[in-house]
Every structure is written in C-alpha cells, then in structure tokens.
Participant: 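Sharing a structure here in structure tokens format.
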Amino acid sequence: MDGKTYPEHMVFGLDIGTRSIVGTVGYKQNEREFIVVAQSIKFHETRAMLDGQIHDISKVAETIKEVKRELERQIERKLSKVCIAAAGRVLKTVTVYAECEFGSDAVITKEHIHSLELVGVEKGYEAIRRDKEEEEAHFYCVGYTVVHYYLNGNMMLNLEEHKGNRIGADVLVTFLPEDVIEGLYVAVEKAGLEVENLTLEPIAAINVAIPEKFRLLNIALVDVGAGTSDLCITKDGTIVAYGMIPRAGDEITNTIVQAHLVDFATAETIKTSVSLDDEEIMYEDIIGLPGKVTSKQVLEETNQVVDSITAQISEKIKELNGGRGVSAVFVVGGGGKLKSFIEKLAFHLELPQERVALRGEEVLKQVHFLQPEVKKDPLLVTPIGICLNYYEKKNSFVYVQVNGDQVKLYDNGHLTIVDAALGYGFPNERLFPRRGASINFTINGIKRLVRGEVGEAAEIGLNGRPAGINAPITQNDIIEIKESTIGAPAYYEIRQLPEFNRTIQFIVNNRPVVCPKLIEANNQLVTEFYSIKDADELKILNYYTVRQLLEFMDITCEGEILVNNIQAQEEEKIYENFSVTCKIRTDNLYEEEKKENVPQENKTEIPIELNVTVNGMPIVLKGKTKYLLVDVLDVYSFDLSSIQGSKVVIQVNKEKADFTKELNQGDQIDMYWEK
C-alpha cells in the first residue's frame, strides 16, 4: 500500500481486551462512511489482563508495541497518537435526581439547564463517596446522560424556554477509578504513544450497534468479550443504564479445555470453528494425540455454561431495566458468536428468537475495509466504535490549576470552570449565590415561608481576568475561585403580616371601641414587634376575653359584668360587635362612700367649670360637680374607632392615667397613639 494515498490525518484506535489487542487505522470519507486502512490483532502471551483490567503494564505495553509496529508497516507511516477505551468491568454508574427551585415562575434558559445537570453530577460524586467499598478510591466523572427532565414535577423532553418555578432531572453519571485510567495511560505511553481520545467500551459498542434512531425503543446491547459481558440499556432516545457481569467467552473456552485436554489457544480455535453444518473440527491435545469433535458435540459440551452465563446476563438486563424485560437485544463481541448463546439468551428473556440478534455485518455496512481478507464480524464492532468515537468527542486529560493546586480533568471536549471546580472538590452549591436561612411557620394552621436573602455568586478569575462559571477552559489554565456568600437569614415581624392590620370592634357601655386583633405565638400572646422564628405556630385570634378588653382600655369594672345583656365572668370570650356593660370603678371610691354618708340635708349639688389643657389645647368642662378623664372626650375629638398606632398613651400631669381618673383644676392632659 502507498501511504501517500491516504489522508493526512487518520485515526488509530486500540481495543485493549482481556485476550487480545486489536489495532485499527482508518478515516472518515464523508459523514457516513469509515474506511479501515489497516488492522492488526495480537493475543496476550500471558494473563496480563484479567476481566478487562490491566494487571501487568509492561506485558500489555509490549503487545501494544507489536500491534503499533505491524500497523506502521502496513500504512508506511509512524503512529504517535491513539484512541482507547476503558472496559465496563471498572465502570461505576449512579442515577440521581437533581432539582432547582426559583422564587417564582421563570423562563428556563440553557444556563438553568446546565446548572441543573451539574447539580446532578455533584450528587453523583456524593453517592460515589458514600459508597463504603469505594471510600478509599478516587474516581473521575467521564460523562453523564440526562434520562428525564421535569418541569414543576411533570416529565418534559426539553425544558428550554418553558416557564416554571421548579425544574428537575434524572441524571445517569458515569465514573472510572483513577488507577484504571492511570494503568491504561502508562501502558500506552510505554509503547511510545499519546492518548488522543478516551471513551468507554460500552459507549463505543453502542454507537455502532444501536444508532440513535433506534434508541427510542427499549433495547439492550450485550458486548460479550473474553472476561466480561458489558451491558447498555436504551429507552426514550437515550442510554438509561450501564452494567456488567464478570462472565464471558473465556469461561466457555475453559469448558472446552477441560473437555478435550487442549491448551487455551486450541480451545479458542475449536470454539470459533463451530459451524451450522456440524463439520468435524480437528485438533491436537496437550499430550500430542490427534482428536476430532463435531460442532454439535461442542454445543452440547458448552450448553450448561452458556445457559448459566445467559441466565445471569438476562437477570442483569432486567435489573438495569427496572425489573422488566426489554423489547430486543443486540449482541456484539466474539464471545457471543456461538449459535446457542443467542438461543439461550432469547429463552431466558422470554423473547422471540428473532428479537435477539448478533450484530456484525449488519451494523458495519458503512465501514469499508481496504484489506480484502478482513471479514465484517461482531468482534470488530467495539474497535470500529473506538475509532468513530474520536469524531464525536475528542477527549483525553488536561491539567489546570485551581486555587494554586493542580487538577487533572477528563476532557470531554467542552470543559468549563464548573468542571474544574468539581474536580478540585469545590461543592457545586458554593459556586452559585446561596440564600440565607428561611423561616417556615404556620398561621392559623396554614404553612407560610419567608425566604432568606440571596448572597453573592462566586468570584472567579481565569488567567488573571474575571470569568463566568461556564467559561471554557484548556490545558494549563489558572483558575481562582472565591466561594459564593450566604445571604442574610430571613427576618419577619408580626406587624409585617398582612393579617396583622385587621381589627376587632366591641361596644362598651354603648360606645364603640376598636381593638387590634390579638396574636399568639406558640400559645403565648406577643406584640407586633415579635420576630417570627422557624417552626413558630401563630394564631390570629378573632376574640378577646373580657379581662383582655378591660386591660386594653385600662379600666376596672365593679359589680356585675354583662356581655350581650347576660351576666359574664372576666374570662368570657367576646367576639366582633359583642356588647359589654359594666360600672366603671373610680380611683376615689372611698371619698365617694364618705360623701354618701353625709346627711341629705347637708348635700348640695353645685355644678362647676373645670379648666384643663389637652395636648396643649385649653378646654373648659361644664355642667358637672366633678369630672372624669372620659368626660374630656365630649369636647375634645380623639379617634378611638380605628387603630392609629401600636397603643394609646394617656397621661395626666405626665403620669399614666385611665379614663376613670378624676380631674382637677388646671390639669395637663396628654392623649395620643404611640407609633
């Protein structure tokens, strides 16, 4: 092949599997077609990898070098950058519910949606950290998928431009352990390559095997490798779950090893040679004796283990799908090529045989191989998917500095300051303005909420300049973050309640008296200046007791008290427009009694004029032999019919008095509403 005929840039993808490493070099010819220029496969000589995870970095690096050299020979070019995938064996996924509330209805913007998704990512981190089995490990978020959006509690396909006061989302967050990523990177670097793109094997496989137009259906993808079977579930147009079981093709091969006393490589050849026409398969056992077996015999020998593996895969699919089966299953990978595998899986999932399909040539129609000897096969779905993923997301790792510390981030192609903050360990809520503590209370049994004030957003600097939380970042950026502030806690007094302005009126000795409604906080009477506390139980009373009314008027009754012309006690409750009648007791009752004992012939009733001042205004009281303070109201206008302030202040000669106080010549009277 003439390397000069190839495009300048080609994609080099490596599928680093448990049994083998598959290298693929190719390029996109247009938006739909992918041209495979060269392929090479090398098997591990030792068990350098187990269940998709590197155990011997040096051995794996040597095998990668062999694949690299073979591909370089085929294309007559040097390869320096490579795309890789991490196995589902080490994948950690959590599904969380995130929610954001607004004070009132708001038009939902992309910024709101992005913030909501980041809340989900942060909750995913929290869930991983709470896992006791993982508390010593460090994880990187390598992607997330929104499964469902919600607007005011109702499911929505797209939130943007809708109006509401509460948005939510079910978010599937995906993580990889740090040691797994480091192992892949070190092995690749020891082979003289630089990672250009990292994806997940289940994502690489599903992007080829299940196009987006099929993801509206509830479909399962099963990628049967050597050591693990990786699972993906799609529904409603998105990937809703990932999973894995640590059983796959190697277990089937080991059964053949035991049945025929052959080495592992020979058993692999026997397994892959099984055909539908029941041809005989020739082999040599470990002693050197020749042997032969039919395809039917191999299927019978592996029947039990295939049944066990597919039963476990079936249970895992149902678990990931909410306890239910799926509509169809696509199988890729070399481990699933046995005819019995598809049949058993369909049986355990209670699906028609045609609903469980091995995906190989059918999904590789837009993939063209320049090597005529290469056959389109389910084994190639994941390696091709790794290459194609390069065009979807160009991601690897970048290093940035956050508040003086270096942070390593998985580059998904659209990193922002928020990603750096989360990678640094900066809680998501400390990036956004935080409200002070709210007050939750009840008034007459109805719940009420007063929110605290909103604080200031985090102050962010990017390379010495102010920036927003969604500003894009690149390698070696310097980020400074000063956390957001908490606003002042809610403060609310009784007098601020709309209900507080209401009054209640009574008729006292044929005169209307307007009183403010009484308010209780936790069964205790409080003033209008009472600061409402969280969990307070407030009551606005629609009554007074007789005693409370008399105390408000600052008067004392003697003798019987009538409420609506019926004798009552001072603890009697009185309601709007109830009448209260009683004889008002005077302060000089003793002097009155003495006068009553004076012989009648000595009594004289001489009216007098009394000169006093009220609020600095001279007035004259006439027609009586004595005058009480209440008599001032006959000649001086003072409004008691509506509340003008917090309470009435009444003083005679600068001393507190009530309306029953007897007046003397020249008294100075002050009457006013205190504000």
Side-chain angles (χ1 to χ4, degrees), residues 96-109 111-120 122-123 126 150-154 159 162-169 418 421 426-460 468-469 481-504 515-542 643-647 673-675:
V96 296
Y97 176 73
E99 187 174 83
C100 292
E101 288 193 38
F102 312 107
S104 58
D105 278 356
V107 176
I108 311 304
T109 65
E111 183 83 6
H112 292 138
I113 297 170
H114 186 55
S115 298
L116 173 68
E117 293 170 355
L118 291 175
V119 171
E122 175 64 16
K123 284 195 169 186
E126 291 172 1
Y150 300 90
L151 179 67
N152 295 340
N154 300 312
L159 295 175
H162 285 280
K163 194 173 184 180
N165 58 27
R166 177 164 50 96
I167 57 176
V418 171
F426 211 94
N428 184 61
E429 67 273 9
R430 297 192 182 182
L431 295 173
F432 301 95
R434 290 174 281 167
R435 282 189 180 274
S438 300
I439 303 173
N440 289 276
F441 62 97
T442 61
I443 182 161
N444 291 351
I446 300 174
K447 292 182 179 180
R448 191 73 60 82
L449 169 68
V450 177
R451 296 182 181 275
E453 294 182 13
V454 178
E456 299 292 330
E459 294 181 15
I460 297 171
I469 58 172
I481 304 176
K482 182 180 178 182
E483 71 177 55
S484 62
T485 62
I486 302 174
Y491 183 84
Y492 210 70
E493 294 182 348
I494 289 288
R495 60 180 177 157
Q496 294 174 266
L497 290 169
E499 298 90 336
F500 175 74
N501 293 327
R502 300 176 185 173
T503 59
I504 186 169
C515 305
K517 282 195 174 181
L518 298 178
I519 292 186
E520 288 183 348
N522 309 316
N523 299 317
Q524 298 292 323
L525 287 175
V526 293
T527 70
E528 63 173 314
F529 299 105
Y530 174 78
S531 174
I532 301 172
K533 308 296 190 299
D534 195 53
D536 270 354
E537 296 181 0
L538 305 179
K539 292 181 182 178
I540 297 180
L541 305 181
N542 62 349
I643 296 176
Q644 308 294 320
S646 60
K647 66 178 180 178
W673 284 95
E674 188 176 77
K675 301 298 184 182

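Just so it is clear, the values below take in all heavy atoms, side chains as well, and ignore hydrogens, waters and symmetry mates.
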Participant: To check you understand the geometry: which heavy-atom pair defines the closest contact between Val454 and Pro433, and what is its length?
Facilitator: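 Closest heavy-atom pair between Val454 and Pro433: CG1-CB, 3.5 Å.
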Participant: If you measure from CD1 on Ile113 to OG1 on Thr109, what distance do you get to the nearest 0.5 Å?
Facilitator: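 The CD1 atom of Ile113 sits 7.0 Å away from the OG1 atom of Thr109.
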Participant: To the closest 0.5 Å, what do you measure between CD1 (Ile443) and CG (Asp536)?
Facilitator: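 One gets 10.5 Å once the value is rounded to the nearest 0.5 Å.
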Participant: Which is it for Leu525 and Leu518 under the side-chain contact (heavy atoms from CB on, under 4.5 Å) test, yes or no, and what are the steps along the way?
Facilitator: CA-CA 7 Å; Leu525 287 175; Leu518 298 178; 4.0 Å; yes
Participant: Has Glu537 got more than 12 heavy atoms of other residues, nucleotides or ligands less than 6.0 Å from its CD?
Facilitator: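 Atom CD in Glu537 is not crowded, with 12 or fewer foreign heavy atoms closer than 6.0 Å.
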Participant: Would a 4.5 Å heavy-atom cut-off, applied to side chains only, mark Ile108 and Lys163 as touching?
Facilitator: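 A side-chain contact under 4.5 Å is absent here.
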Participant: Indicate yes or no for a side-chain donor-acceptor contact from Asn152 to the backbone of Gly164 under 3.5 Å, with no hydrogens or angles considered.
Facilitator: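 No, because the side chain of Asn152 does not come within donor-acceptor range (under 3.5 Å) of the backbone of Gly164.
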Participant: More than 12 non-hydrogen atoms from neighbouring residues, nucleotides or ligands closer than 6.0 Å to NZ on Lys482, yes or no?
Facilitator: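 Open.
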Participant: Keeping Asn165 on the side-chain end and Glu101 on the backbone end, is there a donor-acceptor pair under 3.5 Å?
Facilitator: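 Not a single qualifying donor-acceptor pair exists.
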Participant: Do Leu538 and Ile532 make a side-chain contact, defined as non-hydrogen atoms from C-beta onward lying under 4.5 Å apart?
Facilitator: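 In short, these two side chains touch, coming nearer than 4.5 Å.
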Participant: Looking at every heavy atom in both Val96 and Gly120, which two are closest together, and how far apart are they?
Facilitator: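 Distance-wise, the nearest heavy atoms are CG2-O, 3.3 Å.
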Participant: Which heavy atom of Ile540 sits nearest to which heavy atom of Lys517, and what is that distance?
Facilitator: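 So the minimum-distance heavy-atom pair works out to CG2-CD, 3.9 Å.
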Participant: Just checking, any donor-acceptor pair under 3.5 angstrom between side chains of Ser484 and Arg434?
Facilitator: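 Checked: Ser484/Arg434 side chains pair up, N/O donor to acceptor below 3.5 Å.
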Participant: Stepwise, does the side-chain contact (heavy atoms from CB on, under 4.5 Å) test hold for Leu159 with Leu116?
Facilitator: CA-CA 11 Å; Leu159 295 175; Leu116 173 68; 4.1 Å; yes
Participant: Working to the nearest 0.5 Å, report the span between NZ of Lys533 and OH of Tyr491.
Facilitator: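 Separation between the atoms: 7.5 Å.
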Participant: Which atoms form the tightest heavy-atom contact between Asn522 and Ala535, and what is the distance?
Facilitator: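 Heavy atoms only, the tightest pair is OD1-O, 4.3 Å.
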Participant: Quick one: ring pair (Phe, Tyr, Trp, His ring centres under 6.0 Å) partners of Tyr97, sequence neighbours excluded?
Facilitator: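 Applying ring pair (Phe, Tyr, Trp, His ring centres under 6.0 Å) to Tyr97 gives Tyr150.
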Participant: Could you tell me whether Glu456 atom CD has more than 12 heavy atoms of other residues or ligands within 6.0 Å of it?
Facilitator: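 No, because the 6.0 Å sphere around CD of Glu456 holds 12 heavy atoms or fewer from other groups.
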Participant: Side chains of Tyr492 and Ser531: closer than 4.5 Å at any heavy-atom pair?
Facilitator: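 Answer no - side chains too far apart.
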Participant: What residues form a side-chain contact (heavy atoms from CB on, under 4.5 Å) with Asn523, not counting sequence neighbours?
Facilitator: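 Checked Asn523 against side-chain contact (heavy atoms from CB on, under 4.5 Å); matches are Glu520, Lys539.
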Participant: With heavy-atom distances below 4.5 Å as the criterion, would you say the side chains of Glu99 and Arg166 are in contact?
Facilitator: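 Yes, close enough: below the 4.5 Å cut-off.
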Participant: Give me the atom names and distance for the closest heavy-atom approach of Arg448 to Pro498.
Facilitator: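 Minimum heavy-atom contact is NH1-CD, 4.5 Å.
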Participant: For a 4.5 angstrom cut-off between non-hydrogen side-chain atoms, does Val450 reach Phe441?
Facilitator: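 Heavy-atom side-chain distance check passes, below 4.5 Å.
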Participant: How long is the span from the SG atom in Cys100 to the CD atom in Glu117, to the nearest 0.5 Å?
Facilitator: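 Cys100 SG to Glu117 CD: 10.5 Å, rounded to 0.5 Å.
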Participant: Which atom pair, heavy atoms only, marks the closest approach of Gly468 to Ile460?
Facilitator: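 Taking every non-hydrogen atom into account, C-CD1, 4.3 Å.
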Participant: Go through Ile494 and Leu497 one step at a time and tell me if the side-chain contact (heavy atoms from CB on, under 4.5 Å) criterion holds.
Facilitator: CA-CA 6 Å; Ile494 289 288; Leu497 290 169; 4.1 Å; yes
Participant: Between Tyr530 and Glu493, is any pair of side-chain heavy atoms under 4.5 Å apart?
Facilitator: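 They are not in side-chain contact.
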